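Comments concern the structure below.
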Amino acid sequence: MALSKHVNPDRLLSDSKDKKTHIHQLTKTNPNSLSHAYGARYGTASIPKYHIPSKGVDADAAYQLIHDELSLDGSPLLNLASFVHTWMPEAADKLMQENISKNLIDQDEYPMTQAIHTRCISMLADLWHAPSTQQAIGTATTGSSEAIQLGGLAMKRIWQEKRKAAGKSIHEPGPNIVMGANAQVALEKFARYFEVEMRLVPISVESKYRLDPKKAMDYVDENTIGVYVILGSTYTGHYEPVKEMADLLDEYEAKTGHAVPIHVDGASGGFIAPFATPKLEWDFKIPRVVSINTSGHKFGLSYVGVGWVVWRSQQFLPKDLIFELHYLGSVEYSFSLNFSRPAHPIIAQYFNFLHLGFQGYRNVALSDLKNARTLSRALEHSGYYTVLSDIHRPVEGVAMMDVAKRAVAFDETDVENYQPGLPVVSFRFSDEFKAEHPEVEQKWIQTLLRSKGWIVPNYELAPDLQQIEILRVVVRENMTEVLLDRLVADIVRPPFNVEITESLARADSPAHALNSLGHKSRPTMHEETHGSVTEHDMTGGPEYSGTYAKPC
């Protein structure tokens, strides 16, 4: 007789379980567990903020509590400060939910997910005109910040290898990297985290608030690992002139023998320029561009959590930055700053590629730019504002024809007739308005619009122009003309039933009382500062460079 027939698995498991205690003798229930229809015990008790509660609540109650608290957040739809995309079709939501538990790093367990990842890299390499999509190499990242770190790290390692081969020191004076003072914080993070001297090129009105290639050459030397060129400044949406920067570096190499590569930060422009202005030269068509990054969760039209970095060929990604893994079921390779990452954002990106195609992305980009032009013109025609971004201004030559024979020569619907850039509208009070109403502060506009639900940031420009404050609107796919009309109306007709700017200028108006609010739109709760970095904590730290989170 088999031994297994003498063993009762049900009894075995029952006897092996932990025995419950603390049961009320009369009701036979746990006296510490209370059930309420709404919010469980936290309906009448404080919710834990600084420690894990000793007893939990059921899933529905936990959901309701968190759901209600999060309802106090601003609406992502009305967050015009952010470049991050906030809407995808229902089919994409379903696809992401189905794959939300997959880990991208588990290549052996999820081979089709890895295949989709590889397809996305190849598609981007082709979109950006890599010499050979088979030789190009890249990876998904959590966003452009990680991608920028990887691009900079590869340039640093190649510079180190060249210095060692030439018998030169890699420590004295050490590596440096050149970028415009308008650089987003992620670029500064690379320099600080990886111990590379950051050389910020001052911006000016003449340089269109962005990197000036000619001035940048004053900062380049034999220890420059590369130049970050930004395809879409977060401040004003201007594209930096990649081709002009490359031509100057070509001349520099011919004179000195020092080869300085370019990494293009296409966080936003990498998904706008190829579709809206395909004739623009900025990508791998330019031999000096060795790597490009972008954010799939910006104008790649995916939810937050996916970025990309692509190198023009494997020679620009040093092998010692690629790690070989043997403990996940097969030999796998990793070149990212973290290890585990969710796979569903990559799947969402692939969904967009299949669903939209080139024409779909182009339609979205052109619509965004059209709405941004409309907003720009409306603001300028009001007389209250000066628009700093240039996407509504004709290119040189076209503007001259416009004056002579506008009806024939100038097609206002043709994006090629306008200066290329992101669908971003940056604006400030006009000089005339400031002269007439010097007591009115521009930051009040941000607060007034916030009272209507709109999130429109007001912040200083980068160093050398930090005395100029601007307001900025990012026109994303869900910023339709209907909402655009409402935004303009709320600027013109706020709750005071008069124009915002006129209401601000009148000393007897309710809006004028905003002067007492200062720069804060709401009080800071103690909980928001508990365990976080404060201004006091930063005392004695490095001087503010102007690239911090205000314009991010």
Side-chain angles (χ1 to χ4, degrees), residues 59 62-63 66-67 70 73 76 79 82-125 137-151 153 185-186 189-190 193 266-268 270-271 292-310 317 321-356 361 476-478 552:
Y63 165 82
I66 299 171
H67 169 82
L70 290 176
D73 274 347
N79 182 5
S82 176
F83 287 83
V84 175
H85 192 66
T86 57
W87 175 86
M88 291 191 73
E90 185 176 345
D93 294 342
K94 180 181 179 181
L95 191 62
M96 294 180 73
Q97 184 63 41
E98 291 172 353
N99 293 277
I100 200 168
S101 61
K102 288 185 179 178
N103 187 353
L104 184 66
I105 200 64
D106 293 333
Q107 300 174 23
D108 189 61
E109 288 80 358
Y110 310 122
M112 289 314 301
T113 299
Q114 190 56 221
I116 286 174
H117 172 263
T118 303
R119 291 173 196 171
C120 288
I121 295 295
S122 297
M123 289 178 176
L124 287 171
I137 188 171
T139 185
T141 61
T142 51
S144 277
S145 292
E146 181 187 0
I148 286 167
Q149 317 298 308
L150 293 172
L153 193 57
V185 64
K189 279 185 177 180
F190 163 73
Y193 288 172
S268 295
F271 270 112
I292 301 172
N293 71 273
T294 195
S295 291
H297 59 229
K298 293 181 180 175
F299 293 103
L301 308 182
S302 297
Y303 290 131
V304 67
V306 58
W308 302 94
V309 58
V310 178
L317 179 62
L321 294 181
I322 303 175
F323 292 84
E324 189 174 294
L325 314 173
H326 294 268
Y327 55 83
L328 293 176
S330 65
V331 178
E332 299 169 4
Y333 301 92
S334 173
F335 48 105
S336 57
L337 296 182
N338 67 341
F339 194 61
S340 294
R341 73 173 72 246
H344 63 273
I346 287 84
I347 295 171
Q349 184 74 83
Y350 187 60
F351 170 89
N352 278 341
F353 288 162
L354 294 186
H355 169 58
L356 293 170
Y361 269 106
R476 306 191 305 270
E477 180 184 14
N478 54 4
C552 297

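All heavy atoms count here, side chains included; hydrogens, waters and symmetry mates do not. One-based numbering along the sequence shown. No experiment lies behind these values; they were computed from the predicted model shown.
A140 and H117 get closest at one heavy-atom pair: N-NE2, 3.0 Å. I121 approaches T139 most closely through the heavy-atom pair CD1-N, 3.3 Å. Looking at every heavy atom in both residues, K298 comes nearest to S268 through CD-OG, 3.6 Å. Residues Y303 and H297 share a closest heavy-atom pair of O-CB, 3.1 Å. Summarising the geometry of G138 relative to F335, their closest heavy-atom pair is O-CZ, 3.2 Å, with the distance given to 0.1 Å. Taking both residues in full, the closest heavy atoms of G296 and W308 are given as N-CD1, 4.1 Å, listed atom of the first, atom of the second, then distance.
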Begin from the C-alpha positions of F353 and I116 and carry the test side-chain contact (heavy atoms from CB on, under 4.5 Å) through to its verdict. CA-CA 11 Å; F353 288 162; I116 286 174; over 6 Å; no
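Considering L104, D108, N103 as possible partners of D106, the one that fulfils the side chain to side chain contact (heavy atoms under 4.5 Å, CB included) test is N103. Residue T141 forms a side chain to side chain contact (heavy atoms under 4.5 Å, CB included) with just one option from V306, L150, T294, N293, and that option is L150.
With hydrogens and angles ignored, the 3.5 Å screen pairs no side-chain donor or acceptor of R476 with any backbone N or O of W87. A donor-acceptor contact shorter than 3.5 Å links the side chain of Q149 to the backbone of S145.
Using the six-membered ring where Trp is involved, F271 and Y361 have ring planes that are parallel, under 30° apart on the 30 and 60° scheme.
Scored by the side chain to side chain donor-acceptor pair (under 3.5 Å) test, K189 finds no partners at all (sequence neighbours excluded). Partners of S295 under the side chain to side chain donor-acceptor pair (under 3.5 Å) rule, at least two apart in sequence or in another chain, are S144. Taking the side chain to side chain donor-acceptor pair (under 3.5 Å) definition, one finds that T142 meets it with E146, sequence neighbours left out.
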